[in-house]
Amino acid sequence: MTALIATLRRELASLWLTPLAWILWLALLLIEGGVFASIVTSFATNPGLTLDVGPLQAFYGQSVFVPLTFLFVCPTLSMRAFAEERRTGTIENLLSAPVSAAAIVLGKYLALLVSFSVLWLPTLLYPLVLRSVAEVEWKVVASSYVGIFGLGAGFLAIGVLCSTMTRSQFLSLVLSSGVLLAFIVLGIGENVFDAGFLQAFCSHVAIQSQLMETAQGIVSARRLIFDGTLIAVPLFLSVRVVDSWRWS
Amino acid sequence: MIEVQGLTKHYGSVVAVNNVTFRAEVGAIVGLLGPNGAGKTTTLRMLAGVLGPTSGKISIAGSDLLESPLQARACLGYLAETSPLYPEMRVGDYLMYRAAIKGLKRRSRRDAVREALSSTHCDDVIDIRVSNLSRGYRQRVGLADALLASPPVLLLDEPTAGLDPNQIREVRELITTLRQSRTILLSTHVLAEVEAICTEAVVIHRGQLVAHGSLQELRASRHVADVALVVRDPDRLTPAICTELGWGLRPDAECAVESPSVEPRETLRFVVYPEHLTGSMGSKLEELVAVLVKRGVGVRGITQVSRALETVFAELTSETGTFAP
């Protein structure tokens, strides 16, 4: 546990000591802030707009920009996790230390998860701002963040796995972006295929659908299991890959 | 203590390390020698737990590295080749982090870091970012990292690479003082370094162990003596006489001029191999001189040449194997 916490702290410091996390934060807040402002403006200037959702639901669940931000935030955050260690050779210091591969992977992953949460933290201000002019359903806000956090956690785990597969940060970024893009594209299949296995599969992995559900206050076990699988499988494989370096 | 048995590493069809077996006791400083690509770094990385062997056993301070990897790795300090460090971290923070993952208790970490920095003369860079350190300082911080938690086994890959002469001397002195309660295995290309600080040497060639022992044993294993003779008429000396005497005439005898003032053809080098030494060295020399004088060769001078480790290393790792007696 000591090694895990030490790794987590080092990774956090490493992420936030470089400009990368700050640039990501700025970009994310600019995009999300712009999207939220335009949604609120749209609702305010069209009083006749009769939708079954409010501005918060529209922001968390219907805006295409939220899943798109996953596409650049998660791969960028996770690309250096192992690729950089292998490129610079610092992985030798880690592998020769009395620490398990699982502790190394989990320490790095948790640091990414904390950073991801910090990136999204300021968006909590949006419902607070909205509260001054309208009623805010906090249950919906909470479930929306469960959706965002669950998917983000899964995509970060995929990013960590991709980072174990190459010594190049760029290649790691491309790999994990490709996987995430595949999820977004598969999600579109939900509306393309007729009812059947393919449509059910696409619906199961559809990011946008999960965000829409959680933005309506629905947190289903099916989605939680999906997110859990998205986290557990890549992390398990990452541990195996790190262990395999000793035998390659 | 380090114990290695039948250590083998294959990279596909390439055998990088082949059935290497040796043992190093507490208090020993063992130099791991070999030409480039001989398998030194692969061996060291396997001992550090960074790389798994294809077969064989490694024991670090009594713990089997394959059966109890965490326990064994807790007993070793490893300085990797080029001393890789995190450039964005400050030296003090980096070593605190390393102390934590090496399992040092929170209360003792700060003292351990100070002690390691003091031992490697890095106290003045504790607040400097690694990216701003010179090559020499990076090497010493890597060494400080290896010393954290006072491991009983130290594995050092080229520990003096990139250091200036003063720093090299300091690091060598440090390594010598560290041997008291430790086993130190260091890989180096600098044979003078091995002669200066090592008590033993392990020589690897093409992945195979070709020699292991104290430096004296290594020298003696090749030749008991190497003698340079200044003679009046070398043409009278035939290889048959040398063979009869049990002395080897070096193939490069004519090139073995010790001083440019001596005529090349007047100096001959003779080596004696352990299997040919039946009596004492003195009597063997007397015998040689007597025979040469009797055959009219005429001995004008005799010098016993010290067998430098470099020569032994060259013979052990030469393509043809050894010089024939």
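Chain letters run A, B, ... following the sequence lines, proteins first and then strands; every chain starts at 1. Only a predicted model underlies this, so the values are computations on that prediction, with no experimental measurement involved.
- The residue from B:Val141, B:Ile126, B:Val113 that alone fulfils the side chain to side chain contact (heavy atoms under 4.5 Å, CB included) condition with B:Tyr94 is B:Val141.
- A:Phe70 and A:Phe183 have their aromatic ring centers separated by at least 6.0 angstrom.
- In this structure, A:Trp25 has its ring center closer than 6.0 angstrom to the ring center of A:Trp16.
- A centroid separation of 6.0 Å or more is found between the aromatic rings of A:Phe116 and A:Phe155.
- Residues from residues 87-105 of chain A that place a non-hydrogen atom less than 4.5 Å from a non-hydrogen atom of chain B comprise A:Thr88, A:Gly89, A:Thr90, A:Glu92, A:Asn93, A:Leu94, A:Leu95, A:Ser96, A:Ala97, A:Pro98, A:Val99, A:Ser100, given in numerical order.
- With a 4.5 angstrom heavy-atom cutoff, B:Pro87 does not touch chain A via any of its atoms.
- When heavy atoms are compared at a cutoff of 4.5 Å, B:Arg90 does not approach chain A at all.
- The shortest heavy-atom contact between B:Val194 and B:Ala201 is CG1-CB, 4.4 Å.
- Separating the CG atom in B:Leu79 from the CG atom in B:Leu154 is a distance of 9.5 Å, to the nearest 0.5 Å.
- The existence of a salt bridge linking A:Glu85 and A:Arg80 is excluded, since no basic side-chain nitrogen approaches an acidic carboxylate oxygen closer than 4.0 Å.
- If you tally non-hydrogen atom pairs under 4.5 Å between each of B:Asp145, B:Asp93, B:Val50 and chain A, the highest count goes to B:Val50.
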